[in-house]
Amino acid sequence: MKVFVHYKPHNAADAFEGTRLRKTIKGACEVVDVSWVDSPQEDVDVAHFLSPDDFALLKRQKEAGVATVVSAFYAENDPNASFLTSDKVPHLTPKAKLLLREADLVLVPDERMIALCEKEGVHAKMEVLLPAVRLNRFSRVASESKIFRRYFGVSEDQKVVVAKGSYDDKNAIITIKKIAEACPNLEFYFFGAPGKFDPLNLHKRIARLRRTSNLHLKDIVQDDVYRSALMNSLAYISNDSVRPDPVGTVEAFASQTQVVAFDSDRHNPLLVENESCYFFTSVEKMAKYLNSLAQGSAESTIDTAYAIAKAHNLIVYGKELKRHYEALASGESR
């Protein structure tokens, strides 16, 4: 069994979601003895794609008799791997429709995305597969665990809350600003990518002008800095209401950071109320909890969430990938 795993962003976002997803897929293949290659010139059984930009390459692989699989909606905050428009109610981009309709198998993070695809005329074979995480990359004893504080000059006693997303998502920026205003003793770091249809990043420039002093709007940083940010944070705000956030969620679990979310984020199957996270109906209620958490007087779901991260390891993920690959290669799922 040999798999061609392809993801090559236009601008080298070495730290962000699509690249990390590609590394996870390759690592999962290795632990279950599935060979992977980077070159489309080699003879392979399956070709695995992560970006709508790869329609032409996927089509060539199909014409050569290679089974094709697409991982969709796992990296929606990465403009190079996003399948959705930036609308308040997102839709599939034209490129995404072409790619998904042509694929032999589409892997998605939740049932909501299957329903969206079917509504927009994509009737490919689709399966839900939750992402995996390398736990040892989030070890708090790792030498890089303090990189974040040195990188941004954050003192050891300063409590930090982390969120990530796209600067296209204006509502997310407005919401985190309101939370920051209600938690003046906490520092909030939002790591975001430029909007897919906003090459000059005007949305970020506008957001910076309107931000509060304890909200730091940052570009995407290198992988070790981002992981260190999670490991040094009091909480991670999951933003899954518009775009799925499965990778960000499981990474927060692995970093043993408290995850909080709004009721609108209940689509994410990793977020289980009072088990892996806490849901809130308003900014005020979330802010009150974060303030209590900072004072050490709030309950936490960290232990249960970490157990979920342990369950979503590379071996489990790799076995599921291998099962799908073998079914595709044998023609059972095509």
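Please read all numbers here as calculations on a predicted model, not as lab measurements.
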Problem - Ring-ring centroid check F148 Y189, cutoff 6.0 Å - result: yes

Completion exercise
For D219, the side chain to side chain donor-acceptor pair (under 3.5 Å) test, sequence neighbours excluded, returns K204

Practice task
Taking atom CD of E299 as the centre, report whether more than 12 heavy atoms of other residues, nucleotides or ligands fall under 6.0 Å from it.
Solution key: no

Handout entry: N/O donor-acceptor pair under 3.5 Å between N214 side chain and A180 backbone
Key = yes

Practice task
Check whether any side-chain N or O of N313 sits under 3.5 Å from a backbone N or O of V316 as a donor-acceptor pair, and report yes or no.
Solution key: yes

Exercise for the section: List in chain and number order the residues that pass side chain to side chain donor-acceptor pair (under 3.5 Å) with H216, two or more places apart in sequence or in another chain; answer none if no residue qualifies. Expected result: E187

Problem - With N274 via side chain to side chain donor-acceptor pair (under 3.5 Å) - residues at least two apart - result: none

Exercise for the section: Please say whether more than 12 non-hydrogen atoms of neighbouring residues, nucleotides or ligands are located less than 6.0 Å from NZ in K288. Expected result: no

Exercise for the section: For the pair Y226 and F191, name the ring-plane relationship: parallel under 30°, tilted 30 to 60°, perpendicular over 60°. Expected result: perpendicular

Exercise for the section: Could you tell me whether a side-chain N or O of D78 sits under 3.5 Å from a main-chain N or O of G18, the two making a donor and an acceptor? Expected result: yes

Problem - Distance-only polar pair, side chains of T212 and E181, donor-acceptor under 3.5 Å - result: no

Practice task
Would you tell me whether E120 and H91 have side-chain atoms, one donor and one acceptor, within less than 3.5 Å of each other?
Solution key: yes

Problem - Any donor-acceptor pair under 3.5 Å from R149 side chain to S155 backbone - result: yes

Completion exercise
For E273, the salt bridge (charged side-chain N to carboxylate O under 4.0 Å, His left out) test, sequence neighbours excluded, returns R266

Practice task
Check the surroundings of atom NZ in K218: do more than 12 heavy atoms from other residues, nucleotides or ligands lie under 6.0 Å from it?
Solution key: yes

Exercise for the section: For the pair R134 (side chain) and T24 (backbone), establish whether a donor and an acceptor sit closer than 3.5 Å, ignoring hydrogens and angles. Expected result: no

Fill in the blank from the handout: Y74 meets the side chain to side chain donor-acceptor pair (under 3.5 Å) criterion, sequence neighbours left out, with none

Exercise for the section: Please answer whether the main-chain N or O of M231 pairs with a side-chain N or O of S255 as donor and acceptor at a distance below 3.5 Å. Expected result: no

Exercise for the section: Calculate, to the nearest 0.5 Å, the distance between atoms OH and OG belonging to Y289 and S297 respectively. Expected result: 9.5 Å

Problem - All pairs passing salt bridge (charged side-chain N to carboxylate O under 4.0 Å, His left out) where residues 243-258 contributes a residue, at least two apart - result: R20-E251, K164-D245, D169-R243

Handout entry: Polar contact flag, side-chain donor to acceptor under 3.5 angstrom, Q61-T68
Key = no

Exercise for the section: Count the heavy atoms of every other residue, nucleotide or ligand shown that sit under 6.0 Å from NZ of K159, and state whether that count exceeds 12. Expected result: no

Exercise for the section: May I ask you to decide if L230's main-chain N or O and S233's side chain share a donor-acceptor pair within less than 3.5 Å? Expected result: yes

Problem - Derivation of the side-chain contact (heavy atoms from CB on, under 4.5 Å) call for V154 and V160 - result: CA-CA 9 Å; V154 181; V160 171; 3.9 Å; yes

Problem - N268 versus T249, side-chain donor and acceptor atoms under 3.5 Å - result: yes

Problem - Min side-chain heavy-atom separation V108-L129 under 4.5 Å - result: no

Practice task
Taking the six-membered ring for Trp and the single ring otherwise, decide whether the centroids of Y306 and F253 are under 6.0 Å apart.
Solution key: no

Handout entry: Flag, side chain of S71 to backbone of L107, donor-acceptor distance under 3.5 Å
Key = no

Handout entry: Side chains of L321 and V32 in contact at under 4.5 Å (non-hydrogen atoms)
Key = no

Practice task
State whether the side chain of T93 and the backbone N or O of A96 hold a donor-acceptor pair below 3.5 Å, judged by distance alone.
Solution key: yes

Problem - H48 ring center near Y325 ring center (under 6.0 Å) - result: yes

Exercise for the section: Output yes when a side-chain donor or acceptor of E30 lies under 3.5 Å from a complementary backbone atom of S35, and no otherwise. Expected result: no

Problem - Near-ring test F49/Y7, centroid separation under 6.0 angstrom - result: no

